[in-house]
Amino acid sequence: MLNKSYTKFVALACLVLPIMLILLSLFVGRYDLKIIDILSILIEREKWISDPERAIEYALVFDIRLPRALLAFVVGGALSICGGALQGMFRNPLVDSGMLGVSAGAGFGACLGIVFFHHSFMIYTLSFCFGILAVLLSFLTGKIYDSAPTVTLVLGGVIISSIFSALISFLKFVADPMEKLPTITFWLMGSLSRANFEDMTVALIPITIGVTGIMLVRWRVNVLSLGEREANTLGVNTGLCRVIIIICTSIATAGAVCVSGTIGWIGLIIPHIVRMLVGNDNRILLPVCLSVGGCFLLIVDLIARSIVSTEIPLGVLTALVGGPFFIVILKRTKGGGSW
Amino acid sequence: MVMAKIQVENLSFSYHDQKILNGVSFTVEQGEIFCIFGPNGCGKTTMLDCILGLNKPDEGKVFIDGADALTLSPAQKAQRIAYVSQKSDRTFPYTVLEIVLMGRTAYSGLFSSPGKEDIDIAEQALNSVGMYKFKDRIFTKLSGGEAQLIKIARAIAQKARLIIFDEPTSHLDFRHELNVIKYIAQIIKDQGISVIMATHFLNHAYFFEDCGLPTRVALMENGAFGAVGFPADVLNQENMAKIFRVWTKKFSDSNGDRVLNYLVPVDFCTGGEWQ
């Protein structure tokens with residue numbers, strides 16, 4: 001358990017850092033905006049809205065940069081907290097938020113949407129529904145084989161994921177190579193470039209529901225991670241708890257993936273980084289994951305949209321930035337507090 | 001009438017058509033220790049799992065404080081029975097205090113966490129097994145003996161009036177074995193709780209009896225009790241030969257006012273003597 005002053009420091013950092021990063025991200029971008037102008041947009045909103053000549057600058061800050069920063073934070077946070085909760089529940093440090101087939105299923109749903117409708121609302125809806133469907137199928141597959149539930153669920157997730165991956169490949173194969181295929185490919189690599197306030201709302205509802213649920217049962221995640229027998233004899237209704245965690249993580253992850261595409265790596269690595277910083281108690285670990293994961297994706301997205309003239313897909317950057325970052329943390333903490 | 005702490009009636013359990021428990025019945029009273037001995041695979045752990053509700057028996061009933069165990073929720077059951085296993089499964093490197101705090105789970109709602117009061121109870125429990133100074137250490141890095149004491153502390157924090165031990169000393173060295181057994185004897189004495197303990201160490205039963213605790217033993221064989229009673233009546237040459245096929249000799253000695261009984265294996269039974 002952590003000492004009081006360190007806990008306070010972590011709590012403060014988890015609150016202040018995201019706010020600072022979101023503010024910072026309003027100042028960063030390819031479009032050349034003077035710092036003084038941005039400050040003035042933030043402070044004297046009325047003046048900028050009413051002036052048609054300056055409407056573009058205003059829209060750039062409030063309708064493009066701000067929603068994108070918020071979405072990056074929310075998506076990164078959701079993927080991380082889901083990954084952390086699932087790692088605890090499955091007692092498996094290699095599990096991530098897409099474990100139960102959500103990512104593959106949601107990816108397939110989005111591809112269907114792109115190929116047949118090309119309307120963003122349909123893409124979101126199909127993506128979300130197929131994400132949930134994939135988890136349901138993983139769960140049912142896991143039920144067939146009579147062994148430790150955590151093992152069979154992971155196995156079910158692997159099987160269903162690979163089926164949906166194959167279906168995605170098939171859709172890519174038949175998709176129009178000039179128009180649809182690049183969209184599919186870009187979507188699958190993850191991006192927040194389309195972010196607007198509508199996306200925010202679409203993603204925010206399921207993510208809020210899911211994350212709230214996980215936060216509420218986070219003590220139970222601790223106990224579940226001791227294993228089925230011990231958790232049961234300590235008074236946990238293991239079946240009910242597992243179902244709650246699976247439902248919450250699936251809703252939150254599907255909500256994140258349907259607007260951002262598949263962004264791997266975050267759900268796996270952020271919980272490990274946070275474990276090294278604050279230990280393994282999920283009461284502290286999971287909320288800190290929310291903040292650190294959010295900040296991480298914010299930073300990665302800032303890099304993605306500013307270092308070169310075209311956007312770099314997020315899925316590519318999360319691994320490129322996350323990998324070395326993980327190694328640095330590992331070296332500094334000597335793996336303390338990790339599995 | 002004083003109600004038995006736990007009453008097991010005619011418990012039967014099969015796994016894939018193979019009968020593992022065959023009509024086991026017994027009761028354990030408040031403040032009593034009930035030791036179960038038997039060869040590997042005789043059904044000890046299966047029976048404990050039935051009592052803990054981890055296995056659902058085919059037949060028979062378990063009553064805890066007079067209430068049918070099947071009607072109790074996991075939390076209600078955990079408030080009445082705590083469990084100390086032989087060895088913990090691999091898990092994340094929690095601190096010792098976090099592990100003991102998990103013993104308070106049965107007292108917090110589904111959507112809440114243990115609070116300040118629970119931390120106090122957990123720290124007291126650690127203190128009562130002499131492990132308070134270990135509270136910030138990493139549980140998974142402790143030695144086997146230290147880890148067992150932490151799990152006993154967790155069972156104490158759970159405030160259950162019955163603790164079930166499944167071979168609590170099987171991985172421990174000579175000194176740690178005594179340490180664990182002494183603390184078990186002490187919590188029975190100080191807190192009047194009941195204990196069911198599966199073990200391979202026959203002399204533990206004599207140890208508890210010599211400490212002045214109400215002790216009974218059961219010898220288990222092929223899913224049923226071959227003999228139940230006081231240590232001196234059950235742990236004798238004849239039963240050891242019958243169930244373990246080992247020829248033993250019993251010794252008595254005294255240390256001050258404490259009588260020491262112990263059973264020593266001599267050789268395998270060759271067939272002749274006790275058939």
Side-chain angles (χ1 to χ4, degrees), chain A residues 1-3 84 87-93 95 146 148 150 212-241 243-245 248 271-272 274-276 278-287 333 335-339, chain B residues 16 45 48-49 51-55 72-85 88-115 118-119 122-123 135-140 151 154-155 157-158 160 163-164 166:
Chain A
M1 212 153 285
L2 306 165
N3 66 48
Q87 285 173 2
M89 181 185 109
F90 283 117
R91 314 172 53 227
N92 183 342
V95 158
D146 176 30
T150 48
T212 311
I214 297 167
M215 289 290 278
L216 286 173
V217 296
R218 64 194 197 279
W219 172 254
R220 294 292 194 270
V221 177
N222 274 358
V223 188
L224 276 178
S225 74
L226 295 181
E228 178 79 12
R229 291 176 68 87
E230 285 196 36
N232 205 306
T233 55
L234 288 169
V236 172
N237 187 338
T238 49
L240 177 69
C241 270
V243 168
I244 291 177
I245 294 169
C248 290
H272 285 287
V274 176
R275 273 194 194 95
M276 290 182 227
V278 302
N280 291 275
D281 187 345
N282 286 287
R283 285 179 300 169
I284 301 165
L285 173 72
L286 293 181
T333 62
S338 134
W339 177 270
Chain B
H16 293 323
T45 300
L48 297 183
D49 284 358
I51 296 173
L52 288 164
L54 299 170
N55 285 339
L72 299 174
S73 72
Q76 287 172 326
K77 210 178 292 169
Q79 289 171 8
R80 290 166 172 80
I81 309 181
Y83 171 66
V84 176
S85 60
S88 278
D89 289 341
R90 193 178 158 79
T91 186
F92 293 92
Y94 293 109
T95 65
V96 164
L97 186 60
E98 283 160 5
I99 290 284
V100 177
L101 208 48
M102 292 191 204
R104 300 299 299 163
T105 305
Y107 298 91
S108 64
L110 177 60
F111 297 128
S112 59
S113 305
D118 297 304
I119 294 176
E123 288 182 343
K135 79 182 174 96
D136 293 320
R137 295 268 292 272
I138 299 295
F139 176 72
T140 42
K151 275 154 66 187
R154 188 177 68 191
Q158 204 171 326
I163 305 183
I164 293 181
D166 191 1

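Remember, predicted model here, so these are calculated numbers, not experimental data. In what follows, every chain begins at residue 1, and chains take the letters A, B, ... in the order their sequences are listed.
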Any chance the side chains of Ser112(B) and Trp219(A) put a donor and an acceptor closer than 3.5 Å? no

Without hydrogens or angle criteria, can the side chains of Arg275(A) and Gln87(A) be said to hold a donor-acceptor pair below 3.5 Å? yes

Inter- and intrachain pairs under salt bridge (Lys or Arg N to Asp or Glu O under 4.0 Å), touching residues 215-229 of chain A, at least two apart: Glu228(A)-Arg242(A), Arg229(A)-Asp49(B)

Do side-chain atoms of Thr91(B) reach the backbone of Ser225(A) as a donor and acceptor pair under 3.5 angstrom? yes

Considering only heavy atoms, which portion of Arg104(B) lies under 4.5 Å from any heavy atom of chain A: side chain, backbone, both, or neither? neither

At a heavy-atom separation under 4.5 Å, does Ile164(B) approach chain A through its side chain, its backbone, both, or neither? neither

Heavy-atom pairs under 4.5 Å with chain B: which of [options] has the most?
{"options": "Leu240(A), Leu216(A), Asn232(A)", "result": "Leu216(A)"}
{"options": "Leu226(A), Val217(A), Asn237(A)", "result": "Leu226(A)"}
{"options": "Val223(A), Leu234(A), Thr238(A)", "result": "Leu234(A)"}

Output the option from [options] having the highest count of non-hydrogen pairs under 4.5 Å with chain A.
{"options": "Pro114(B), Gly109(B), Ala160(B), Ser88(B)", "value": "Pro114(B)"}
{"options": "Gln76(B), Lys77(B), Met102(B)", "value": "Met102(B)"}
{"options": "Thr140(B), Leu52(B), Leu110(B)", "value": "Leu110(B)"}
{"options": "Ala155(B), Ser113(B), Ala106(B)", "value": "Ser113(B)"}
{"options": "Ser85(B), Pro74(B), Gly53(B), Ala78(B)", "value": "Pro74(B)"}

Taking 4.0 angstrom as the limit, do Lys135(B) and Glu98(B) come out as a salt bridge? no

Heavy atoms, side chains only, cut-off 4.5 Å: are Ile81(B) and Ile163(B) in contact? no

Set of salt bridge (Lys or Arg N to Asp or Glu O under 4.0 Å) partners for Asp166(B), sequence neighbours left out: none

